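Any value given below was found using the heavy atoms of this structure, including those in side chains, with hydrogens, waters and symmetry copies removed. These numbers come from a predicted model, not from an experiment. So that the names make sense, note that chain A is the first sequence line, chain B the second, and so on, each numbered from 1.
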Amino acid sequence: MAQISADEVRHLADLARIDLSDAELEHLAPQLSVILDSVASISEVASDDVPPTSHPLPLTNVFREDVVTPSLTPEEALSGAPDAQEQRFAVPRILGDEQ
Amino acid sequence: MSDWTRRTAAELADALADGSTTSVELTRAHLDRISAVDGPIHAFLHVDAEGALAQAEASDARRAAGTPASALDGVPIAVKDVLATKGLPTTCGSRILEGWVPPYDATVVARLREAGLPILGKTNMDEFAMGSSTEHSAYGPTRNPWDHDRIPGGSGGGSAAAVASFEAPLAIGTDTGGSIRQPGAVTGTVGVKPTYGAVSRYGLVALANSLDQAGPVTRTVLDAALLQQVIGGHDPLDSTSTTEVLADPVEAARLGATGDLTGLRVGVVAELGGEGYQAGVRQRFDEGVELLRGAGAEVVEVSCPSFVHALAAYYLILPAEASSNLARFDAMRYGIRVMPEQDSPSAEDVMRATRDAGFGDEVKRRIILGTYALSSGYYDAYYGQAQKVRTLISRDFAAAFEQVDVLVSPTAPTTAFRLGEKLDDPVAMYLNDLATIPANLAGVPGISVPAGLAPEDGLPVGFQVLAPALADDRCYRVGAALEALLQQQWGGPQTPPE
């Protein structure tokens, strides 16, 4: 049985930048354990010689000519932003106090 | 005949062409229908009456001038709220995008506009397309037109319910693990997941890039083919959209409708349809197989042993891709911004607070699961293994399609379940996608066609047809044949009680 503790869920949520409440942690941790348990069989299915598939198509890079084409105006690009100033996205401080 | 909402899109196109109606009349009829029935059904998150009527007027002007833009010019349509629509709200069923109005159109939407289809509005969905019941929408569930106490499937329950309840003749859905086909099955409508790359993903808010595919949601196979012709084809804005030209789906649907499948080889997938499938689903599926046999098809059983691992692979690959895709919702460039209760919060503090407030439970579950599957120490055991299983599933399809032209199965293991029944049991919810997921993992096309009502509950059952990549025409041909043969028996389409 794959187990995932509330502390592990807290750490993962931290990595994913989600501020979970204690109540959410208690609710989600057992559910995630059940989900992980249901997918755990996967680790024994394929042998080492099976190559992984990341995508259904054999992909290659696609290039276009380096020419200017019509695109969004700055106003359009910023139209959905919670805050904007001087044609820029305005964001809260990104450095800590000590930096 | 005044009730235009009961007609198929093909019939509406004919009526527009021979001058017996106008696009304004048709659009108004569907808007009236939405006003009359959408209260309890809640298929729409946003209705754009003004915009739709303006597009309808423009369509009528084109037709009066003798220059219709396409075969479906003037036929109204509904669009799943996961596709960007310029000037129209796009929420993906999430609080985090509440109030967002995109500054551009998805390519699918741009093609609908170019072809002259008035857009009635945006349809409800599970948040970011994560779910099989549309109960995970932040704006409340959609209800199944056959029984308002039951789910309409998901994630595209809004599109399927809109079409099933005659609120729209056509709709666009997206299918990452069955989100077009499973709602089609449980609402008695037609849903097509095209070959991966056959329809542009530009402007489709990504759930899992390697699995997502937009496609038609309709009441008939011919309508789906007509819609596929409008939305399909290469798009320079999507580097994964195929440059291959697919065989004409409309021709295939018309060929299928003759009911003759002589020489076609049909494989019944042994691994899809046994344990865990409702008896009535199995019964209607078996009857459908017999109809195909009667139409001249050669039916054999085919084994795809890796399919039993598809669900596990999918529920690692999808959360992994989704967890990185949804990182873009950072409260900086679009969507809501929630300020935490602290002095001078940093950008990261704001992100954490916004993502906690803006995402629902299922989205959080999958982001955390994906973060886990991709973290060092677990990557090889989970994500890496899931990618290998993906290879095995593709190999199973390749081997099967050496023996047969199409594969068939029930679309979903059960008919529509009750609202709330599986809401807090994620694994039970995931099992709905058992039969639809293999096609997404391998990138092959699939269609779900109504197969009748399950005897035990009187609810719709879906019949799935899968074909090799780029051979979407086979799905249309076999789907149209089954539809024609069943409707001969029924004396017309089966529709929900009024």
With only heavy atoms counted, which part of [X] is less than 4.5 Å from chain B, the side chain, the backbone, both or neither?
X	result
A/Leu28	side chain
A/Asp14	both
A/Thr73	neither
A/His27	side chain
A/Leu72	side chain
A/Val62	side chain

Chain B shares the most heavy-atom pairs under 4.5 Å, among A/Ser38, A/Pro51, A/Ser41, with A/Pro51

Heaviest contributor of heavy-atom pairs below 4.5 Å to chain B, chosen from A/Ser54, A/Ala90, A/Ala77, is A/Ser54

Taking only distance into account, with no hydrogens and no angle test, what donor-acceptor pairs under 3.5 Å do side-chain atoms of residues 78-88 of chain A form with protein atoms, sequence neighbours excluded?
| residue | atom | partner | partner atom | Å |
| --- | --- | --- | --- | --- |
| A/Ser79 | OG | A/Glu76 | O | 2.7 |
| A/Gln87 | NE2 | A/Glu75 | OE2 | 3.4 |
| A/Arg88 | NH1 | A/Glu86 | O | 3.2 |

Please check this pair: side chain of [X] against backbone of [Y], looking for a donor-acceptor N/O pair closer than 3.5 Å.
X	Y	result
B/Thr391	A/Thr53	yes
B/Arg355	A/Ala16	yes
A/Arg93	B/Ser344	yes

State, to 0.1 Å, how close [X] and [Y] come at their nearest heavy-atom pair, and which atoms those are.
X	Y	value
B/Arg337	A/Val91	NH2-CA, 4.0 Å
A/Glu8	B/Tyr378	OE2-OH, 3.8 Å
B/Lys388	A/Val50	CE-O, 3.3 Å
A/Leu57	B/Thr240	CD1-O, 3.3 Å
B/Gln385	A/Val45	OE1-N, 4.3 Å
B/Pro426	A/Ile35	CB-CD1, 3.9 Å

Which bit of [X] is near chain A, if near means a heavy-atom gap under 4.5 Å: side chain, backbone, both or neither?
X	result
B/Ala331	backbone
B/Leu369	both
B/Tyr383	neither
B/Asp424	both

Mind checking whether B/Val427 and A/Gln31 have side chains closer than 4.5 Å, heavy atoms only? no

Are any of the side-chain heavy atoms of A/Phe89 and B/Met332 separated by less than 4.5 Å? no

For the interface with chain A, which of [options] has the highest count of heavy-atom pairs at distances below 4.5 Å?
options	answer
B/Ser323, B/Pro345, B/Ala386	B/Pro345
B/Ile336, B/Ile367, B/Leu316, B/Val350	B/Leu316
B/Ala327, B/Ser346, B/Gly443, B/Gly358	B/Ser346

Can you tell me how far the [atom1] atom of [X] sits from the [atom2] atom of [Y], to the nearest 0.5 Å?
X	Y	atom1	atom2	value
A/Arg17	B/Leu326	CZ	CG	15.0 Å
A/Leu32	B/Lys364	CG	NZ	12.5 Å
B/Asp361	A/Glu24	CG	CD	6.5 Å
B/Ile317	A/His55	CD1	NE2	11.5 Å

Check the pair A/Leu20, B/Ile368 against side chain to side chain contact (heavy atoms under 4.5 Å, CB included), reporting the backbone distance first and the verdict last. CA-CA 11 Å; A/Leu20 291 183; B/Ile368 291 168; 3.7 Å; yes

Mind running side chain to side chain contact (heavy atoms under 4.5 Å, CB included) on A/Ile94 and B/Glu348 for me, showing each step along the way? CA-CA 7 Å; A/Ile94 55 170; B/Glu348 278 205 16; over 6 Å; no

Mind running side chain to side chain contact (heavy atoms under 4.5 Å, CB included) on A/Leu36 and B/Tyr372 for me, showing each step along the way? CA-CA 10 Å; A/Leu36 270 180; B/Tyr372 179 81; 3.3 Å; yes

If you count the non-hydrogen atoms of other residues, nucleotides and ligands that lie under 6.0 Å from CD in B/Glu98, is the total more than 12? yes

